[in-house]
There are 2 protein chains.
Amino acid sequence: MKKITLKKIAQVFNVSVSTVSKAINDSHEISDDLKGKIQQYAKENKYRPNKLALNLRQKKTKTIGVVVPNILNYFFTQVFSGIEKVANEKGYNLLSCISDESYDKEVKTLEFLGGNTVDGIIISMAEETQFKNKMDHFQNLVDERIPLVMFDRVSNEVACDKVVVDDYEAGYKTTNYFLSTGCSTVAVVTAIDHSSVGRLRVEGYKKALDEANIPYDDKLVVRLDKKDDLELRISFLLNYKKVDAIMALDEMTAVEVLRIVKNKGYKVPEDISIIGFTNGKLSRYVTPALTSVSQHGTYIGEAAANILIERMEDNSNRDFSTLTIKTSLVMRDSTKKRLDQ
Amino acid sequence: MKKITLKKIAQVFNVSVSTVSKAINDSHEISDDLKGKIQQYAKENKYRPNKLALNLRQKKTKTIGVVVPNILNYFFTQVFSGIEKVANEKGYNLLSCISDESYDKEVKTLEFLGGNTVDGIIISMAEETQFKNKMDHFQNLVDERIPLVMFDRVSNEVACDKVVVDDYEAGYKTTNYFLSTGCSTVAVVTAIDHSSVGRLRVEGYKKALDEANIPYDDKLVVRLDKKDDLELRISFLLNYKKVDAIMALDEMTAVEVLRIVKNKGYKVPEDISIIGFTNGKLSRYVTPALTSVSQHGTYIGEAAANILIERMEDNSNRDFSTLTIKTSLVMRDSTKKRLDQ
DNA sequence: CTGAAAGCGCTAACAG
DNA sequence: CTGTTAGCGCTTTCAG
């Protein structure tokens, strides 16, 4: 009881393949009698058209490729789930790949997806790619006119639609919030200093300091390597100066910093306030619950998918756009109240 | 600069398509001279074979379909990441879909995947499917000889390879552990009572009670509905009887129970011990850190992928197997020490 | 109303 | 060494 094809049905009824095709697609060209019989037979034998053949013929696959650097990161799974939602609504399927933050894997994945496997691609760059700043594999897609949407970690060397978070403003806003609660020595801990996203947040941080006439001190920015011992680095930081606020650029780091700081006997937020990026479940359930920057991942996913689908279904070559999503601060218990309230 | 095909290359060199095909595939049948020229031209023009055509011809896609009920659940993302790892190693791609715990969506997804889109499928059933107990869509796949591996939430009505967690033993082990630390009134909170998995855990729980000569009390098993108010249900539970241990059947529930219990002024683990299923990040970072049942998600994913790939590449129709993965208890701070230690 | 033919892009058996 | 032919499964003119 293996796959049944139009050909086989045609043999059964002693008609041509094209007749069967039309019958099954309910064409008016076929007599109701024959149509009925064939349709019934098809149903009984669970005929299912071969998608491959269909796609080959119609030169589209109705599927969109998604590439994320890391699925164990809550932000990306949120985005993913947003993409999934609208893709599903609009009848598209998702072919999803993980680059694992590796440049090579990203290149391979994109090559695969480029081979007529999908009609369009949504991607956030691997960290290594941003570090090496090699964009040829994206350029290839663009050259081949494969609709492409980049989100979060994007490059302005690539001409395509983009959806980004306003990370600069987020860093600025966060720092300002610390200052407005009476903190004066704000440190930053980043594990993503190779990514544009991380850099922008630090820039925003600098701007806020500048506006408050606080000199920028590079020693207060802790840049983590993969194998760095966070605990050690935090010790150094706290010995270096009496910091009273820490902005952590991803959720895991924020949670870890919280743990370490508590372990060392500091009270959060009385002694040290903490704000983390990515408003995931961890932030909510940790004690004290972390004030965090929400990047609205699900929304970003939805937006990216909508933009891509529009681009795919629309031939008018309108200009590429960059959609910037504002973040919002979700207040919880790891920060003090504002002084003026 | 759109897609370039064999045909076009053939025209350029005034040779036949098959010659080009052979040249590009580095066949010894072609003169080194011609081969060189064609290969170079292909490279320069970024020739990439049309995967669709290839797949149609070779009747395989080198991709495997993965269907999980919910990507925001840490267990599934772990499994997913395990699958991804071995698929990648063995040169397979992943087409991943989310059933969103919905029967209808699962049926649709499987229909899609069945249409020659993938060579094999790995799936964990939607809760609704388990509830309705309708398995026709799986049977279809089996009938069509599409290799299928079910994991975690499986049905024994479907003849295929399976990878399951030893949930019965996990429930048993967990309950026993509570008892061994001096707890005597163990409650269960489940949000997945419709799934085989949840049921088995409760069965194991009953067995442990039975062996300890503790009568089973159905009121101690809190079965949650989507819209149930957990806080309220826990209040009832705690008023009903002085429970000193709670086993929560998924991570979110465990964390919520912990929060609620702490809020009510109970000390964890002194007054009430808690163990949750799924050993994810949440469990680790919550205060106190939750003792949890690890289902070894990544390992399950790897196993499922390996079994599927073997089945796909191997034509010998060997019998279907069910691999059972033992859980382990990860000790942290939400439980007391064993009395005998 | 039904069928023959062409073609999507590619490979492979078989001639030449 | 290179080309011809056939075919994967399906749709779509265009004839009949």
Side-chain angles (χ1 to χ4, degrees), chain A residues 2-39 41-42 45-63 111-119 144 146, chain B residues 2-39 41-42 45-63 111-119 144 146:
Chain A
K2 248 198 135 160
K3 320 236 114 100
I4 182 158
T5 66
L6 289 189
K7 203 177 174 184
K8 290 196 192 131
I9 302 185
Q11 282 162 358
V12 171
F13 287 88
N14 246 308
V15 294
S16 78
V17 177
S18 52
T19 304
V20 178
S21 168
K22 286 173 191 165
I24 284 180
N25 290 313
D26 216 25
S27 158
H28 51 273
E29 294 182 22
I30 307 293
S31 69
D32 288 347
D33 183 34
L34 220 201
K35 228 161 49 174
K37 277 195 269 185
I38 290 183
Q39 286 181 357
Y41 183 86
N45 290 275
K46 302 199 187 101
Y47 167 74
R48 273 197 261 130
N50 184 324
K51 283 259 162 47
L52 254 33
L54 261 171
N55 292 342
L56 178 57
R57 186 113 225 297
Q58 301 171 165
K59 287 164 161 303
K60 56 181 178 159
T61 61
K62 267 279 183 182
T63 110
E111 246 162 37
F112 169 72
L113 292 179
N116 304 69
T117 325
V118 297
D119 296 345
E144 292 175 25
I146 298 176
Chain B
K2 238 184 146 170
K3 321 238 113 109
I4 180 157
T5 67
L6 289 189
K7 205 175 172 183
K8 289 195 193 132
I9 303 185
Q11 282 162 359
V12 172
F13 287 88
N14 247 308
V15 294
S16 79
V17 177
S18 53
T19 302
V20 178
S21 168
K22 286 174 192 163
I24 285 180
N25 290 313
D26 214 25
S27 159
H28 51 273
E29 293 182 21
I30 306 294
S31 69
D32 288 346
D33 182 35
L34 221 202
K35 229 162 48 173
K37 278 194 267 183
I38 290 183
Q39 286 180 357
Y41 183 87
N45 290 275
K46 302 205 187 95
Y47 166 75
R48 276 204 255 123
N50 184 324
K51 283 261 161 47
L52 254 35
L54 261 172
N55 292 341
L56 178 59
R57 185 105 227 297
Q58 301 174 163
K59 286 162 161 304
K60 55 179 180 165
T61 60
K62 268 280 183 179
T63 110
E111 246 161 36
F112 169 71
L113 293 178
N116 302 68
T117 325
V118 297
D119 296 344
E144 291 175 25
I146 298 176

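Below, chains carry the letters A, B, ... as their sequence lines are ordered, and counting in each starts from 1.
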Quick one: label [X] by what it contacts on the DNA or RNA (base, sugar-phosphate, nothing), any heavy atom closer than 4.0 Å.
X	answer
A:Y47	sugar-phosphate
A:S21	base
A:L56	base
A:N116	nothing

Which nucleotide in the set [options] lies at the smallest distance from any side-chain heavy atom of [X]?
X	options	result
A:L34	D:dC10, C:dT11, C:dT2	C:dT2
A:I30	C:dG3, C:dT2, C:dT11	C:dT2
B:A53	C:dC10, D:dC10, C:dT11	C:dC10
A:S16	C:dA4, D:dT11, D:dC8	C:dA4
A:V17	C:dG9, D:dT11, C:dT2	D:dT11

Quiz question: going by heavy-atom distance under 3.5 Å, is there a donor-acceptor pair between the base of D:dG3 and the side chain of B:K22?
yes
Please confirm whether any donor atom in the side chain of B:S18 sits under 3.5 Å from an acceptor in the base of D:dT4, or the reverse.
yes
Is the number of heavy atoms from other residues, nucleotides or ligands under 6.0 Å of A:K7 NZ greater than 12?
no
Are more than 12 heavy atoms, taken from residues, nucleotides or ligands other than B:K62, located less than 6.0 Å from that residue's NZ atom?
yes
May I ask you to verify if any side-chain N or O of A:T5 is less than 4.0 angstrom from the OP1 or OP2 atom of D:dG9?
no
Pairwise 5' ranking along DNA chain C for B:E29 and B:N50, keeping only the more 5' one
B:N50
Check A:K46 with B:E144, please: is the shortest side-chain N to carboxylate O separation under 4.0 Å?
no
